[in-house]
Amino acid sequence: MTAPILQPTPENIAKAANILRAGGLVAMPTETVYGLAADATNAQAIVRLYEAKGRPRFNPLIAHVADMEMARKQGVFSKQAAALAQAFWPGPLTLVVDLEGTSTVSDIARAGLNSIALRCPAHGVARALLTVFGGPLVAPSANPSGKISPTRADHVANDMGERVDLILDGGPCESGVESTIIDARGHHPALLRPGSLSAAEIEAIWPGLVRPENNADAPVSPGQLLRHYAPKARLRLNVTAPDADEAVLGFGPVKATLNLSPSGNLAEAASNLFFMLRQLDQTHSRIAVSPIPEDGLGEAINDRLIRAASR
Ligand code: TXA
Ligand code: MG
């Protein structure tokens with residue numbers, strides 16, 4: 001049976017919170033992508049979540065919190081980590097910090113690590129659900145592991161409808177690429193995943209951002225080693241002369257099948273990225289993507305495209 005897609009009325013949010021309390025899975029909108037939420041303290045619910053996504057158990061989950069008070073119960077915040085949270089929460093920033101002794105988040109959700117990834121989302125529906133539920137919720141993107149992240153409720157229904165209990169419809173996600181993940185445990189902020197918040201925005205609060213090499217011997221963020229965002233179609237990047245049979249995913253003033261942003265706006269391109277990739281993947285077997293500048297949000301967009309193009 002496919003999960004119902006419900007409008008986020010107070011009654012439906014209360015219903016969603018009850019499903020979570022009973023160990024169920026609820027898809028919720030966030031400002032980045034749709035997340036698949038489960039009670040972060042319920043090991044059984046988390047096992048079900050890993051199974052629903054087909055996610056390898058070594059890949060830890062982000063615990064979402066309603067506010068700083070909830071966050072401090074789970075993780076240890078250095079002065080610099082607290083400054084980042086103060087500047088960007090609620091918002092698309094995930095902080096990896098040391099696990100606090102009072103943490104209630106299940107070991108399975110952390111893949112046994114002694115660190116924890118925490119994020120306080122900005123989306124009104126995610127915030128309402130966290131507040132009514134009253135505790136941390138783990139929420140990976142609501143797609144089968146390795147596939148394109150969902151930015152609309154119907155993406156979740158198509159990909160995961162049979163494996164979740166309820167989908168809250170918050171409309172299209174505003175920013176469209178996942179949160180920026182910063183390891184805030186060291187002397188410098190370390191960029192584990194480029195995302196909706198640009199490197200420059202992080203550096204304005206805590207300078208000296210480093211980009212650690214992710215290699216299999218010492219994975220700094222286990223999920224970054226996995227295949228990701230994979231469409232069925234073959235993707236070619238930085239294309240200025242597309243082949244006749246290729247769909248063109250454009251950027252800027254170019255002739256395109258779909259254009260991420262005709263005016264060359266990176267925020268607009270990020271919010272369209274997964275939606276348009278999904279569209280073209282349904283109609284074409286080859287997709288050529290226009291060059292996209294690497295500055296600002298371009299770093300996150302190019303990161304997703306490179307992963308989507310790799311086989
Ligand atoms: O925008 C987002 O962050 C979305 C929305 C739903 O909040 N969530 C999301 O979750 O993208 P997911 O599971 O698709 O990606 C989480 C990433 C994975 O690459 C995982 O390896 C990493 O976070 N991660 C989680 N805990 C970690 C930890 N303790 N240390 C390093 N990386 C961690
Ligand atoms: Mg994901």
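Both ligands and their constituent atoms are indexed starting at 1 by order of listing. These numbers were taken from a predicted model, which means no experiment stands behind them.
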| query | Within a strict 4.5 Å, meaning less than it, do heavy atoms of the Glu51 and Arg57 side chains meet? | reply |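 Yes, at least one pair of side-chain atoms sits under 4.5 Å.
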
Q) Under a 4.5 Å cut-off applied to non-hydrogen side-chain atoms, are Arg234 and Glu246 in contact? A) no

Near [X], which atoms of ligand 1 are under 4.0 Å from a heavy atom of that residue?
X: Leu192; result: 31 (C)
X: Ser141; result: 8 (N), 9 (C), 10 (O), 12 (P), 14 (O)
X: Ser179; result: 1 (O), 2 (C), 3 (O)
X: Gly223; result: 19 (O), 21 (O)
X: Pro140; result: 10 (O), 12 (P), 13 (O)
X: Ala139; result: 6 (C), 8 (N), 10 (O)
X: His64; result: 5 (C), 7 (O)
X: Leu113; result: 28 (C), 29 (N)

Between atom [atom1] of [X] and atom [atom2] of [Y], what is the distance when rounded to the nearest 0.5 Å?
X: Arg286; Y: Asp243; atom1: CZ; atom2: CG; result: 4.5 Å
X: Ile5; Y: Ile167; atom1: CD1; atom2: CD1; result: 4.5 Å
X: His188; Y: Gln80; atom1: NE2; atom2: CD; result: 10.5 Å
X: Asp245; Y: Ser285; atom1: CG; atom2: OG; result: 6.5 Å

Gln44 atom CD: more than 12 heavy-atom contacts under 6.0 Å: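 Atom CD in Gln44 is not packed in, count stays at 12 or less.
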
In terms of residue, atom name and distance, what is the protein heavy atom nearest to [atom]?
atom: atom 23 (O) of ligand 1; value: Ile181 CD1, 3.2 Å
atom: atom 32 (N) of ligand 1; value: Ser221 OG, 2.9 Å
atom: atom 18 (C) of ligand 1; value: Asn59 OD1, 3.7 Å
atom: atom 15 (O) of ligand 1; value: Arg193 NH1, 3.2 Å
atom: atom 31 (C) of ligand 1; value: Val220 O, 3.4 Å

Counting heavy atoms only, name the option from [options] that's nearest to [atom].
atom: atom 27 (C) of ligand 1; options: Ser115, Pro60, Pro121; result: Pro60
atom: atom 16 (C) of ligand 1; options: Leu137, Leu36, Ile116, Ile62; result: Ile62
atom: atom 6 (C) of ligand 1; options: Ser145, Ala142, Gly35, Gly75; result: Gly35

Can you find an N or O of [X] that's nearer than 3.5 Å to an N or O of ligand 1?
X: Tyr34; answer: no
X: Thr30; answer: no
X: Arg55; answer: yes

**Asked** If you measure only the distance, is there a donor-acceptor pair under 3.5 Å linking the side chains of Thr104 and Gln74?
**Response**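 Their side chains do contain a donor-acceptor pair, which is all the 3.5 Å distance test asks for.
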
Is a side-chain donor-acceptor pair under 3.5 Å present for Ser179 with Arg193? yes

*Any Lys/Arg nitrogen of Arg185 or Asp183 sitting under 4.0 Å from an Asp/Glu carboxylate oxygen of the other?*
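Judged by the 4.0 Å cut-off on N to carboxylate O distance, Arg185 and Asp183 do form a salt bridge.
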
Short version for Asp183: what comes under 4.0 Å of ligand 1, heavy atoms counted, is neither

For residues 157-173, the salt bridge (charged side-chain N to carboxylate O under 4.0 Å, His left out) pairs (sequence neighbours left out) are Arg48-Asp165, Asp159-Arg278

#### Entry: Heteroatoms of the protein, restricted to N/O/S, which lie under 2.8 Å from the Mg ion (ligand 2)
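Near the Mg ion (ligand 2), the protein supplies Ser141 OG.
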
**Prompt:** For Leu273, which fellow cluster members are found when Ile, Leu, Val, Met, Phe, Trp and Tyr are connected by side-chain heavy-atom distances below 4.5 angstrom, either directly or through intermediates?
**Reply:**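 Joined to Leu273, directly or through intermediates: Val33, Ile148, Val177, Tyr229, Leu235, Leu237, Leu249, Phe251, Leu258, Leu260, Leu266, Phe274, Phe275, Met276, Leu277, Leu280, Ile287, Val289, Ile292, Leu297, Ile301, Leu305, Ile306.
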
Contact between ligand 1 and Arg110 is defined here as a heavy atom of the residue under 4.0 Å from a ligand atom; is it met? no

Less than 4.0 Å is my threshold; does some heavy atom of Met28 fall inside it relative to ligand 1?
no

Hey, is the main chain of [Y] close enough, under 3.5 Å, to the side chain of [X] for a donor-acceptor pair?
X: Tyr50; Y: Asn59; answer: yes
X: Ser103; Y: Glu100; answer: no
X: Arg110; Y: Leu113; answer: yes

For the residue pair Gly250 and Ser290, what are the closest heavy atoms and their distance?
->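 It is CA-OG, 3.2 Å.
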
Only pairs under 3.5 Å count here: list side-chain donor-acceptor contacts from residues 116-137, not counting sequence neighbours, and write none if there are none.
| from | atom 1 | to | atom 2 | distance (Å) |
| --- | --- | --- | --- | --- |
| Arg119 | NH1 | Glu31 | OE2 | 2.8 |
| Arg119 | NH1 | Gly91 | O | 3.0 |
| Arg119 | NH2 | Thr30 | OG1 | 3.0 |
| Arg119 | NH2 | Thr32 | OG1 | 3.2 |
| His123 | ND1 | Val125 | N | 3.0 |
| Thr131 | OG1 | Arg127 | O | 2.8 |

